[in-house]
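Take a look at the structure set out below.
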Amino acid sequence: MEYELVMGLETHIELSTNTKIFCSCTTEFGGEPNTHCCPICIGLPGTMPKLNREVVKYAIMVGLATNCDIAEIAKMDRKNYVYPDLPKAYQISEYDMPICEHGHIELSNGRKIGLTRIHIEEDAGKLIHDRGQTFIDYNRGGVPLIEIVSEPDFRSVEEAIEYLERLQLIVKYIGVSDCKMQEGSMRCDVNVSVRPVGVKEFGIRTEIKNMNSFTNISRAVKYEMQRQIDLIENGEKVVQETRRFDDVLGVTESMRGKEDAHDYRYFREPDLVTIKTTKEEINAIKDSLPELPDKRLARYIKDYGLSEVDARLIVKYKRVADFFELSTKGLKSYKSCSNLILSLIFSKLDSDSEKEEFNIKVTAEDMNELLNLLESGKITNNIAKRALEDMLNTGKNVKDILSDDDLKGLDENELKSICDQAVKSNPLAVKDYLAGKEKAVKALIGFVMKTTKGRADARTAEKFIIDMIKK
Ligand code: ADP
Ligand code: MG
Ligand code: ZN
């Protein structure tokens, strides 16, 4: 029998507010264990949490960017469970009145993945297991999180990964988290079930906890899907449970039975007031949202005439796209900028993370100056490339790199006379060209470029040379 995958994702994203969700401790990553802590975030009795409004604002921003309805009234609840990473023995989260609901993210195949809800909550501390002992670092405890719960709408791993990439990019554009899976600021619980193709009802699901890379999500889901199919084919039943992925063995294994909501004995957090947000506040947040990646992409293709491939490569990295925006300010053509970024600049940034960081020695202002010179015909494409290469290597600005000669340009008569020299001093190439070897003209253009140190426009030179030869 053929089976279909059904999948839903619960994605946790750490928010980059300066301070924690209920106290004024720093949210900074790392640090000596238990130094980013205070009586509130280590849960000493008698302390009172106070909600950081910035957290609410960040969550609403993500909600608006993912087509959610925003709740004017929300509240926080206690989710009770006993585990040493949680000093109070409960996590403050949102249960039945989350801040955002009913959103969606559209995939490139046109399918809309529903977002059930986005809620805010506090992160737990970190357990470090070492030679039979367990140490606890509460620095992460109380760092604000949003949890984005999707509907069980995914039908392939590829869809899930595209969704995560899109979500990641949206959140980075808004600037509320760096969404680094390898540092844990974005983590996923993956819910997996299978059903025979054609059947409407969902199968029993398992939940794989705390996935921290796309590769592992893909490996885990493929393994888990096959495991469930094998069980069903053997006449056994899938058990609803929580599993973990062993990335060395490449298998999922049972951790514990699945808890239900009633196991957590949710009740309203009595130490916090209702979260009220007015329509006006929500609208103001909406107006303050930056341009989102999809919109930028459409603009680059439609208004700027970039190819879809080029536009995607630029939009994929927020810093690259911002650099592109500033570099092209006031220009008529955007293509030379995207070409230079994707060829010369990207050739210096090998990995994805280098492109993401986009640490280059050229400022957008300098790039803009260079592109202005190119567009106004004061320098040729060759000189622009040479200058940019120099700028990237040395960090010098345009003016320091371009000589007076570079900026002078060539007038037509000067260019004609150099083309004439080229023709006269390369009789062999001329002969080859006349004999039908069209490529031979390249040698003549090369002569012109060398003599003019790249100041000549290659296309004009080619035209002049061919005219002269044919005369
Ligand atoms: P819990 O919070 O207890 O894990 P939820 O009902 O909130 O349970 O669902 C969690 C996730 O499981 C959601 O992302 C949802 O889309 C997904 N899900 C629910 N049912 C299924 C199913 N049969 N197969 C796959 N995923 C499912
Ligand atoms: Mg869950
Ligand atoms: Zn604290």
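Both counts, for ligands and for their atoms, begin at 1 and track the order of listing.
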Going by the atom numbers of ligand 1, which of them fall below 4.0 Å from some non-hydrogen atom of [X]?
X	value
Leu9	14 (O)
Glu151	16 (O)
Val6	24 (N), 25 (C)
Glu207	4 (O)

Among [options], which residue places a heavy atom closest to [atom]?
atom	options	answer
atom 26 (N) of ligand 1	Val149, Thr11, Asn191	Asn191
atom 13 (C) of ligand 1	Gly8, Ser150, Ser193, Cys188	Ser150
atom 20 (N) of ligand 1	Glu147, Arg205, Arg195, Arg117	Arg205

Salt bridge (charged side-chain N to carboxylate O under 4.0 Å, His left out) between Lys316 and Asp352, worked out | CA-CA 10 Å; Lys316 184 170 176 203; Asp352 230 26; 3.7 Å; yes

How many degrees, to 10°, between Cys41 SG and Cys23 SG as seen from the Zn ion (ligand 3)?
->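 It rounds to 110°.
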
Do Thr17 and Glu54 get their side chains close enough for a donor-acceptor pair, meaning under 3.5 Å?
->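 Result is no, nothing qualifies.
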
Going by atom types only, do Ser93 and Glu121 share a side-chain donor-acceptor pair under 3.5 Å?
->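 Side-chain D/A pair, Ser93 to Glu121: present.
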
Only one of Tyr266, Tyr264, Tyr90 forms a ring-ring contact (aromatic ring centres under 6.0 Å, His included) with Tyr95, so which one is it?
->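 Looking at Tyr266, Tyr264, Tyr90, the match for Tyr95 under the ring-ring contact (aromatic ring centres under 6.0 Å, His included) is Tyr266.
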
Ligand 1 versus Ile204: contacting region, heavy-atom distance under 4.0 Å |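 The answer is neither; Ile204 stays 4.0 Å or more away.
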
Can you tell if the side chain of Ile204 reaches within under 4.5 Å of the side chain of Val239, non-hydrogen atoms only?
->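 The answer is no; the side chains never approach within 4.5 Å.
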
Can an N or O of Met7 be found at a distance shorter than 3.5 Å from an N or O of ligand 1?
->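 For ligand 1, there is no N or O atom that lies under 3.5 Å from one belonging to Met7.
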
Can an N or O of Gly203 be found at a distance shorter than 3.5 Å from an N or O of ligand 1?
->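 Yes, since at least one N or O of Gly203 sits under 3.5 Å from an N or O of ligand 1.
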
Any donor-acceptor N/O pair, Arg296 side chain to Glu291 backbone, under 3.5 Å =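 The answer is no, because no donor-acceptor pair under 3.5 Å joins these two groups.
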
Verify, without hydrogens or angle tests, whether Lys20 (side chain) and His36 (backbone) share a donor-acceptor contact under 3.5 angstrom.
->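 Judged by distance alone, yes, a pair lies under 3.5 Å.
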
Considering only NZ, NE, NH1 and NH2 on the basic side and carboxylate oxygens on the acidic side, decide whether Glu356 and Arg319 come within less than 4.0 Å.
->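 Salt bridge absent between Glu356 and Arg319.
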
Does Cys25 bring an N, O or S atom to under 2.8 Å of the Zn ion (ligand 3)?
->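 Checking Cys25: at least one N, O or S atom is under 2.8 Å.
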
